Amino acid sequence: MHDVIIVGGSYAGMAAALQLLRARRDVKVIDAGERRNRFAGFSHGFLGQDGVGAAEIALSARRQLEAYPTLSWVDGRAVSVEGSKDDFTVATADGRRHGSRRVLFATGLEDQLPEISGLAERWGHAVFHCPYCHGYELDQGKIGVIATGPMSTHQAEIVSEWGPVTFLTNGAVELDPPARQVLEGRSVSIETTLIERIDGVAEVVLKGGRRLGFAGLFTAPFCVPSSSLAEEAGCDLEETMMGIQIRTNEAKQTSVAGISACGDVARIPHSVTLAVADGAWAGAQIHRSLVWPDG
Ligand code: FAD
Ligand code: MG
């Protein structure tokens, strides 16, 4: 019987594990190894690790965790969570069953990208979501923002801080005169012709053949939990402006007693820094719940 099983051993899950291991608790991490940023080579904006490889940050964290004797780690996928507070059983895809008093979901999100030919292949290289993570490297070059819904006008506005923006509505949003006025106020060009495909580094080919070249493209995907485990375990979900996440309280507890959630899957907005902070907080809160079970 472990004190805590953490499903998802990326930034948030490992940050939680670190607090619990340093409290000499017995922690099992189960991780399928599919970090959300696996499509990008480098990670930016995480203090002390700016521009370091996304995998390298995760690997060096894991090496540090492995120095603690009360850690066990399963490289694999959790497939079910059963039981209740103080007596959970987590099954993994290899058929094994693991017991724990608490469960923490740090399972991250999946990005549902707009279906445009050539876009998915460029995700994390030339097509991005977060300007704080990837805007600087575009060197103030031309930026295309591909709409996915009405909120995309805000993305076009903010991204114009990083370079001249063309807002490609692509049939996802109708711009009324006030919306146009706001965009024009930020010198955003508006392109309403539908997109045929993405070509080259970040060249948008419009229906009819016109081509618009950019240093990079931004779009806002709809985010959904990358695993249905929390929902199957009875945890309430909630909708945010970015998609679907697990609902948690200030202590990062879900609607199911003994189950917590942290990182991208349980907060907005999303970044490595915020996932690590959320995980560290969740880890300490779970520890407190083991010390004061009724507190
Ligand atoms: P994730 O890192 O997504 O990790 C979730 C983990 O849980 C994965 O390892 C997954 O395999 C595992 N998992 C899921 N289900 C199961 C299961 N059933 N069993 C076992 N394991 C499971 N942020 C920045 O700060 N800087 C950047 O430069 C940056 N670049 C990005 C580039 C791209 C293309 C994308 C999409 C995102 C980027 N981000 C960046 C955001 C960053 O990736 C996330 O905020 C961060 O990864 C969230 O960490 P997390 O631990 O919550 O989830
Ligand atoms: Mg994690």
Side-chain angles (χ1 to χ4, degrees), residues 5-18 28-59 61-62 73-81 90-94 96 98 103-113 119-137 216-233 242-243 245-246 248 252 261-280 282-283:
I5 290 179
I6 301 176
V7 185
S10 176
Y11 312 109
M14 284 195 286
L18 184 56
K28 174 163 274 180
V29 176
I30 302 170
D31 183 49
E34 293 186 331
R35 283 174 292 100
R36 186 175 171 200
N37 60 0
R38 65 191 179 279
F39 305 98
F42 300 93
S43 169
H44 284 97
F46 185 30
L47 191 67
Q49 305 284 331
D50 188 35
V52 176
E56 202 180 320
I57 296 172
L59 189 65
R62 179 166 169 180
W73 189 289
V74 177
D75 286 308
R77 191 167 291 278
V79 293
S80 70
V81 176
V90 180
T92 40
D94 59 8
R96 287 195 290 155
H98 316 264
V103 170
L104 172 63
F105 288 116
T107 39
L109 296 171
E110 188 181 297
D111 294 290
Q112 295 184 338
L113 299 170
L119 188 141
E121 300 92 293
R122 290 167 178 79
W123 181 237
H125 303 285
V127 183
F128 311 103
H129 169 53
C130 169
Y132 299 97
C133 301
H134 304 284
Y136 188 87
E137 281 62 40
L217 297 164
F218 282 83
T219 195
F222 189 75
C223 301
V224 295
S226 66
S227 162
S228 56
L229 277 188
E231 194 181 3
E232 287 158 17
M242 294 180 177
Q245 68 181 23
I246 302 170
T248 55
K252 304 308 297 183
C262 68
D264 278 15
V265 77
R267 55 152 296 116
I268 55 165
H270 308 135
S271 77
V272 172
T273 309
L274 297 172
V276 165
D278 211 40

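Whatever order the structure lists them in is the order used to number ligands and atoms, beginning at 1. Just so you know, these numbers use all the heavy atoms, side chains as well, and skip hydrogens, waters and symmetry mates. These numbers come from a predicted model, not from an experiment.
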Exercise. Just wondering, do Lys28 and Ile6 contact through their side chains at under 4.5 Å, heavy atoms?
Worked result: no

Seminar exercise, completed: Across all chains, not counting sequence neighbours, the side chain to side chain contact (heavy atoms under 4.5 Å, CB included) partners of Phe128 are His134, Leu138, Phe218

Exercise. Backbone or side chain, does any N or O of Gly33 fall under 3.5 Å from an N or O of ligand 1?
Worked result: yes

Problem set entry | Proximity to ligand 1 by part of Leu229, non-hydrogen separation under 4.0 Å | side chain

For this session: Assess His134 for proximity to ligand 1: is some non-hydrogen atom of it under 4.0 Å away?
Result: yes

Exercise. Is any side-chain N of the basic residue among Arg35 and Asp264 closer than 4.0 Å to the acidic one's carboxylate O?
Worked result: no

Exercise. Tell me, do Glu231 and Pro225 make a side-chain contact under 4.5 Å, heavy atoms counted?
Worked result: no

For this session: Determine whether more than 12 heavy atoms belonging to other residues, nucleotides or ligands lie under 6.0 Å from atom CD of Glu121.
Result: yes

Problem set entry | Any side-chain donor near an acceptor of the partner, Tyr136 and Asp50, under 3.5 Å | no

Problem set entry | Atoms in ligand 1 flagged as close to Trp123, the criterion being non-hydrogen separation under 4.0 Å | 34 (C), 36 (C)

Seminar exercise, completed: Counting from 1 in the order shown, the ligand 1 atoms closer than 4.0 Å to a non-hydrogen atom of Glu34 are 8 (C), 9 (O), 10 (C), 11 (O)

Seminar exercise, completed: Under 4.0 Å between heavy atoms, the region of Asp111 that gets near ligand 1 turns out to be side chain

Problem set entry | Phe222: partners by ring pair (Phe, Tyr, Trp, His ring centres under 6.0 Å), with sequence neighbours left out | none

Problem set entry | Closest candidate by heavy atom, reference atom 19 (N) of ligand 1, pool Ala78, Ala12, Gly41 | Ala78

For this session: Check whether the side chains of Thr92 and His98 place a donor and an acceptor atom closer than 3.5 Å, and report yes or no.
Result: yes

Seminar exercise, completed: ligand 1 to Ser271, heavy atom cutoff 4.0 Å, flagged ligand atoms 23 (N), 25 (O), 45 (O)

Exercise. Has Tyr11 got any heavy atom lying under 4.0 angstrom from an atom of ligand 1?
Worked result: yes

Exercise. Do Arg77 and Glu34 touch side chain to side chain, with heavy atoms closer than 4.5 Å?
Worked result: yes

For this session: Give yes if a backbone or side-chain nitrogen or oxygen of Val272 is under 3.5 Å from a nitrogen or oxygen of ligand 1, and no if not.
Result: yes

Exercise. Closer than 4.0 angstrom: is that true for some heavy atom of Ala106 and an atom of ligand 1?
Worked result: yes

Exercise. Does even one non-hydrogen atom of Gly76 get within less than 4.0 Å of ligand 1?
Worked result: yes

Problem set entry | Proximity to ligand 1 by part of Ala275, non-hydrogen separation under 4.0 Å | side chain

Exercise. Hey, looking at atom 14 (C) of ligand 1, which of Thr107, Asp278, Thr273 has the closest heavy atom?
Worked result: Thr107

Exercise. Given Met14, His129, Arg36, His44, which has its nearest heavy atom closest to atom 35 (C) of ligand 1?
Worked result: Arg36

